[in-house]
Amino acid sequence: MIEFKARLKKKIHEKLKAQFPLELSEIEIGYSPQQKFGDLALAFPFQLAKKMKRQPRELASEITQQLSSPEGIQRIEVAGAGYINLFLDREKFFASRLHRLDRTSLSPDEEKIIIEHTNINPNKAAHIGHLRNACLGDTLARCQKYKGETVEVQNYIDDTGVQVADVVFGFMDLEKKSLPQIKEIKEKFDYHCWDLYARVSSYFESHPEAEKRRSEILKKIEEGKNPEYEISYYISRQILKAHLQTMRRIGVTYDVLPCESSILHLKFWEKAFSKLKEKKSIFHVDDGPNKGCWVMELEEEADKEKIIVRSDGTVTYVGKDIAYQLWKFGLLEKDFYYEPFIEENARTIWISTAESKHKAPSFGKGSLVYNVIDTRQAFLQKVVVQGLKTLKYLAQAEKSIHFSYEMVGLSPKSLKELGLILAEEDKGKDFLEVSGRKGLGVKADDLIDRLEEKALTEVEKRNPDLADDFKKDTAVRIAVGALRYFMLKFARNSLIVFDFEEALSFEGETGPYLQYTLVRINSIFRKLEEREGFKEKDLHALLLAKEIPLGSLSDQEQADFWDVVLYASQFEEEVLHSIRSLEFSHLAKFSFNLSQKFNSYYHLYSILAEKNREVKNIRILTIHYIREVLQKVLFLMGIPQPELM
RNA sequence: GCGCCUGUAGCUCAGGGGAUAGAGCGACGGACUCCGGAUCCGUAGGUCGGGCGUUCGAAUCGCCCCAGGCGUGCCA
């Protein structure tokens, strides 16, 4: 539809530009709200009427005369106060859609796109908030790749921060364990650390004197070659592996894992620091409360300054982030080394190192960078962009995009289900923030386990005779479908108050509903083959038709057929719209609406039982078209396809 | 205080300046001698937080109020 509209727009402009003051960009082609108003609608006569000081309706009819019937358009009508409604030539349009099924009208705009997402501190298990992040980031990556872009997915690992140090403290000082003893832990390691981290946090609250030990651990981790460092290294790598495995379960993967430890050892910050000083992006403060710090003045609030380097000379998190952002654009004049971290489906995921030991691909040097981080970090992301601006990297500042989204909260009901007790201060709240520090949250693997369990029960109910492995595999797909759709269906600025009942639902607007729709379509094709020997090649023969003779359909069926086909044809527009607005709830909505339209159609028009060959063939082509679109859109959302369910 | 975000049906949420504001859940009532009922059809349910403005046209844009959330650390 994108290329169809583009051609049409040009044609309209050609025909009108001599007589009307109309720019190509002013012609917007929208969709009519109802079939009786046609398929496409032009509203520009309203603007034109104003410009020319004339009646819109009158102008619209003049324009309609002038346009006659462009190619592909069967009829043009003036409607309402001045709309021009276009009726497509359905037979030609549908045939051309079928011919274009394996082509795309999208094309890349960038050299290379970098998407950073997930970024979980490697000191505890992943939770539902992280799942939202990963689902959004992964869907963006899939859509950009579909568009034809070169995409690199980075997952930043903060392996030297206080969170990891806290768990080191937990193991060494609270549990009194040595590294060999830690390695013997049988329990799921990320789960063990989840509890331990919460214990450490509350320990620090009641034992302020332990602070000293905490800073000592931090220092030792940075120095390396001591038990604290060895343990921290073990923890962060072990938990990172657990995170990657969790994400693998829902079909999310990465290209490279840049680590903070590498940034530290390779002195990325020092390089960035000298650049910032050189360009006077940051200033040394000589007196006042921030005496001794290096600060950046904030664009919008001139009286406020953001500390980049503390008075003791250590750099803050934002400072390191600026260095990392410069690296992503290839502007730092420094680079990481890499080694393979794990193999996944015959693909290597690389992790950054401080030494050159392996031949590795080149990463970074993006032309467009997305940072998928929740909205609470908006301020810091702004500071990072301002860093680029003050360094005069204006183009890159424009191309640093904070893909922000609201957090996932917990309803008091789901807390109760988890057996967690509300703190006094939290009573009366509608929702609670997920907090790793407090151990407050739904662990990602727990949720996926529960989804799989429920899906398995449902599969058992419907298909008791299938092989166990097959049932299990199907349940996994359904679970992933349910989870990924759930994470995408909300607009990104909408706070998700997590509720088990809602998340575990497989009916209505859910992933399984979409999967079920596809399974149904496939089942029709399977039966066509079983009962009538209708094969792939027979379908291909039908697809070649130059025109589809819709005359054999009843008026009502023509209308119903057209409703679903015209909608399905908007797929790539939806992809583009979702990318541009970073709003993948559009894509989710589209897939759901399309499924709904199919399901209604399905109940009205039988395919297998239809006697009229022409009618039957059109129906076969219709559901094939829907299937093709639905498969693509599900893939973009990372929703797997079950064979049966 | 300042900045960002949110307010739409009982609940959860969609709505890209355009024609009669839509789904899902829940409630109630129905559906094929069947291509899979994880489905479909119908009914009830709305001062789009309030006000003013811009516009041929506002849930959508602007301003002001009201209510809520999140930022605003020499934490990350």
Side-chain angles (χ1 to χ4, degrees), chain A residues 28 30 32-34 37 41 43 45-47 49-50 55-57 79-83 85 121 158 161-163 260 289-295 298 300-301 303-304 306-312 314 316-318 320-321 374-380 382 404 406-407 409 429-431 433 455 458-459 461-463 478 482 489-491 493-497 499 501-502 505-517 519-521 523-528 531 573 577 580-581 583 585-586 588-589 592-593 595-596 599-610 619 623 644-645:
Chain A
E28 261 187 61
S32 306
Q34 282 179 66
F37 294 140
F46 290 106
Q47 286 98 308
K50 197 176 168 191
Q55 290 299 317
R57 170 105 200 176
Y83 290 102
N85 290 333
N121 284 327
D158 184 358
V162 284
Q163 300 87 350
E260 182 168 79
N290 293 340
K291 187 177 172 188
C293 297
W294 288 84
V295 302
L298 297 179
E300 276 135 46
E301 302 152 89
D303 51 328
K304 261 183 134 179
K306 175 70 198 162
I307 292 165
I308 307 293
V309 179
R310 303 183 189 101
S311 55
D312 65 1
T314 57
T316 59
Y317 171 76
V318 213
K320 281 179 272 190
D321 233 23
D374 80 66
T375 177
R376 288 170 294 185
Q377 305 252 21
F379 173 69
L380 294 176
K382 249 170 112 174
S404 82
E406 259 294 352
M407 58 176 173
K429 288 190 179 173
D430 295 335
F431 68 91
E433 204 172 322
E458 298 293 322
V459 174
K461 245 196 274 180
R462 285 158 241 248
N463 299 290
I478 293 169
K489 75 187 235 189
F490 301 94
N493 272 331
S494 169
L495 188 142
I496 301 179
V497 179
D499 180 78
E501 202 183 308
E502 217 189 320
S505 165
F506 295 161
E507 281 165 28
E509 196 193 335
T510 66
Y513 177 88
L514 310 179
Q515 295 172 313
Y516 182 68
T517 306
V519 165
R520 251 182 168 173
I521 298 176
S523 157
I524 295 172
F525 279 99
R526 200 175 48 248
K527 294 218 159 111
L528 273 172
R531 294 185 193 173
E573 264 178 303
H577 180 223
R580 288 193 178 140
S581 57
E583 202 57 273
S585 55
H586 291 316
K589 231 8 129 195
F592 176 66
N593 288 338
S595 299
Q596 258 189 335
N599 282 319
S600 304
Y601 179 88
Y602 168 91
H603 275 268
L604 287 171
Y605 305 105
S606 170
I607 286 131
L608 291 175
E610 178 55 44
R619 291 182 187 169
I623 67 165
L644 299 171
M645 64 190 281

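This structure is a prediction, so every number in the text was calculated from the model and none was measured. Sequence lines set the chain letters: A, B, ... in the order given, protein chains first and strands last, and positions in each chain run from 1.
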| query | Below 3.5 Å, does any donor atom in the side chain of T375(A) face an acceptor in the base of rC5(B), or the other way round? | reply |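 Check fails, no donor-acceptor contact within cut-off.
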With rounding to the closest Å, how many angstrom separate the [atom1] atoms on [N] and [M]?
N       : M       : atom1 : result
rG10(B) : rG18(B) : P     : 26 Å
rG26(B) : rG69(B) : P     : 30 Å
rG17(B) : rU6(B)  : P     : 15 Å
rU54(B) : rC40(B) : P     : 46 Å
rC48(B) : rU60(B) : C1'   : 10 Å
rG50(B) : rG73(B) : P     : 35 Å
rG46(B) : rC70(B) : P     : 32 Å
rG15(B) : rG22(B) : P     : 15 Å

If I compare all heavy atoms of [X] with all of [Y], which pair ends up nearest, and what's the gap?
X       : Y       : value
S311(A) : K291(A) : CB-O, 3.6 Å
V497(A) : D430(A) : CG1-O, 4.4 Å
E433(A) : M407(A) : CG-SD, 3.5 Å

Considering every strand and a 4.0 Å limit on heavy-atom distances, what is the contact class for [X]: base, sugar-phosphate, or nothing?
X       : result
L495(A) : sugar-phosphate
K50(A)  : sugar-phosphate
R531(A) : sugar-phosphate
N290(A) : base
T314(A) : nothing
L528(A) : nothing
K429(A) : nothing

| query | Is it true that atom CG of N463(A) has more than 12 heavy atoms of other residues, nucleotides or ligands lying nearer than 6.0 Å? | reply |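 Count over threshold, so yes.
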Round to a whole Å and report the spacing from [atom1] of [X] to [atom2] of [N].
X       : N       : atom1 : atom2 : value
K306(A) : rC75(B) : NZ    : C1'   : 9 Å
N493(A) : rC4(B)  : CG    : C1'   : 9 Å
N593(A) : rA23(B) : CG    : C1'   : 8 Å
F490(A) : rU12(B) : CZ    : P     : 10 Å
L604(A) : rC35(B) : CG    : P     : 16 Å
L608(A) : rC35(B) : CG    : C1'   : 4 Å
L298(A) : rG3(B)  : CG    : P     : 14 Å
F431(A) : rU6(B)  : CZ    : C1'   : 11 Å

If only atom types and distance count, is the side chain of [X] paired as donor or acceptor with the main-chain N or O of [Y] below 3.5 Å?
X       : Y       : value
R619(A) : S606(A) : yes
S32(A)  : F37(A)  : yes
D499(A) : E502(A) : yes
T517(A) : Y513(A) : yes

| message | Parallel, tilted or perpendicular, judged at 30° and 60°: which one describes the rings of Y83(A) and F46(A)? | response |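 Geometry flag for F46(A) against Y83(A): perpendicular rings.
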| said: Nearest heavy atom decides the nucleotide; on that basis, is E260(A) or E502(A) closer to the 5' end of RNA chain B? | reply: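 It is E502(A), whose closest nucleotide lies nearer the 5' terminus.
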| said: On RNA chain B, does the nearest nucleotide to E509(A) precede the nearest nucleotide to E433(A) from the 5' side, or the other way round? Give the residue. | reply: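 By nearest-heavy-atom nucleotide position, the 5'-most residue is E509(A).
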| task | Sugar-phosphate atoms are those with a prime plus P, OP1 and OP2; base atoms are the rest. Using that split, label each nucleotide of nucleotides 15-21 of chain B B, S or - for protein heavy atoms under 4.0 Å, 5' to 3'. | result | SB-BBB-
| note | Nucleotide by nucleotide, nucleotides 36-45 of chain B touches protein heavy atoms under 4.0 Å in the pattern (B base, S sugar-phosphate only, - none) BSBBSS----
| field | Distance test, side-chain N/O of R376(A) to OP1/OP2 of rC4(B), below 4.0 Å | value |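 No.
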Strand partner of [N], provided both Watson-Crick or wobble distances fall under 3.5 Å:
N       : value
rC48(B) : none
rA27(B) : rU43(B)
rA58(B) : none
rG1(B)  : rU72(B)

| Using 4.0 Å as the upper bound for N to carboxylate O, is an ion pair formed by R310(A) and D312(A)? |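 R310(A) and D312(A): not salt-bridged.
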| query | Taking it one step at a time, do L608(A) and R531(A) satisfy side-chain contact (heavy atoms from CB on, under 4.5 Å)? | reply | CA-CA 9 Å; L608(A) 291 175; R531(A) 294 185 193 173; 3.4 Å; yes
| task | Check the side chains of Y317(A) and D158(A) for a donor-acceptor pair under 3.5 angstrom, ignoring hydrogens and angles. | result |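 Per modelled atom types, D158(A) and Y317(A) side chains form no pair under 3.5 Å.
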